[in-house]
> 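Take a look at this one; I'll ask things after.
Order of appearance sets the numbers: ligands from 1, and atoms from 1 within every ligand.
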Amino acid sequence: MSKTACFTDERTFWHTGGTHALFFPVGGWVQPPSASGYAESPESKRRLLALVQTSGLAASLDLRSAPAATEEDLLRIHPRDYLARFKALSDENGGDLGDLAPFGKGSYEIAALSAGLALGAVDTVLSGQAANAFSLSRPPGHHCLRDKPMGFCLFANIPVAIEAARAKHRVGRVAVIDWDVHHGNGTQSIYYDDPNTLTISLHQENCFPPGYSGADERGAGRGEGANVNIPLLPGGGHDAYLYAFERIVLPALERFRPELIVVASGLDASAVDPLARMLLHSESYRAMTQLVRDAAERHCKGRLAIVHEGGYSEAYVPFCGHAIIETLADVRTKVADPMLDLAIAQQPSARFAAFQRQLIDEMAAAAGY
Ligand SMILES: [Zn+2]
């Protein structure tokens with residue numbers, strides 16, 4: 001039985017957002033940040049990897065790096081002009097070419113490596129070299145548009161990986177499930193008229209992009225129906241996500257019958273994330289991972305790659321990510337989530353949950369599920 005492959009590379013932790021505190025540009029009343037004051041810091045990722053190693057989970061994984069995405073890989077998604085502008089500014093001293101996507105010197109190469117790790121995860125699954133795969137890297141990708149970076153995302157890692165897989169493995173229908181707390185607007189925009197790529201985003205309503213909900217955006221042209229947005233109320237927790245899976249995500253996969261499932265796995269819907277207001281905990285991520293694993297078994301011979309996206313609580317991201325990787329690898333270590341009891345006690349009331357379920361039912365009906 002082949003193992004779960006876990007792709008990671010210390011070099012991707014060396015990407016810097018430059019002089020930002022949380023995501024505020026330094027200057028005026030904004031004091032320069034402490035060492036890890038920039039929200040999209042390497043520490044949450046590095047600490048997840050450290051937990052995987054100290055818990056013994058690493059022994060059950062095939063831990064490896066991958067080559068950076070090539071220019072050919074990147075050009076399948078991004079225009080040459082964007083690559084040139086990004087490379088030139090990265091070679092100088094960094095800057096920001098988009099909307100909240102600052103980068104420092106050398107981030108072009110690091111972003112290409114981050115995309116390469118996602119590409120490696122998808123490729124190894126399709127080649128049958130691993131039971132499934134996880135990619136732990138940064139910068140993330142799901143906000144990046146074809147020609148503009150956005151929200152800490154510099155290349156569209158998952159689309160780059162999917163299109164490389166299509167070029168090499170002739171895979172057809174791919175489903176992307178995005179449980180990052182922010183809307184997967186980049187992936188949506190890249191595949192909006194593509195009937196062969198189902199994009200599903202569960203996100204906190206009106207969070208990022210600011211004021212965005214998206215429930216009515218279902219794709220265009222031949223891609224009509226292949227884009228599904230599930231905006232959830234701030235304060236929603238375990239029940240909201242699991243009910244959305246039951247009523248919308250799983251039926252959408254059933255109808256679409258994917259040949260590969262890729263998850264954009266942000267861990268910023270956790271109960272203590274500084275950039276959002278949702279209430280998930282490690283058992284929520286464990287449960288969602290089990291559901292996508294089962295769906296992958298059912299539809300596509302288990303072909304599943306999970307790609308890390310956001311997640312800004314340095315202390316808590318590792319426990320949520322560890323639960324995901326344990327579930328992929330079918331291993332349960334002795335790691336206990338120190339936040340679990342508190343997070344369970346803080347779940348919203350039954351009345352809130354019932355109202356959120358009603359809204360999910362309405363979304364399901366509107367989308368025909
Ligand atoms: Zn996010």
> What's the verdict on ring-ring contact (aromatic ring centres under 6.0 Å, His included) for F319 and Y285, showing C-alpha distance, side-chain angles and the deciding distance?
CA-CA 10 Å; F319 292 96; Y285 290 104; over 10 Å; no
> Specify the closest pair of heavy atoms between G141 and N157, including all atoms of both residues, with the distance to one decimal.
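For G141 and N157, the tightest heavy-atom pair comes out as N-ND2, 3.6 Å.
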> Closer than 2.8 Å to the Zn ion (ligand 1), what protein N/O/S atoms do you find?
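Listed by chain and number: D180 OD1, D180 OD2, H182 ND1, D268 OD2.
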> Whether R46 engages the ring of F13 as a cation-pi pair (distance to the six-membered ring centre under 6.0 angstrom, angle to the ring normal within 45°) should be assessed.
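R46 over F13 ring: no.
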> Taking only residues two or more places apart in sequence, or in another chain, which ones meet D194 in a side chain to side chain donor-acceptor pair (under 3.5 Å)?
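With sequence neighbours excluded, D194 shows a side chain to side chain donor-acceptor pair (under 3.5 Å) to T197, given in chain and number order.
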> Please list, chain by chain and in numerical order, all residues satisfying salt bridge (charged side-chain N to carboxylate O under 4.0 Å, His left out) with E163, sequence neighbours excluded.
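By the salt bridge (charged side-chain N to carboxylate O under 4.0 Å, His left out) rule, E163 matches R166.
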> Please write out which residues are connected to Y212 in a hydrophobic cluster, directly or through intermediates, given that two of Ile, Leu, Val, Met, Phe, Trp, Tyr count as joined at side-chain heavy-atom separations below 4.5 angstrom.
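Same cluster as Y212: nobody, lone residue.
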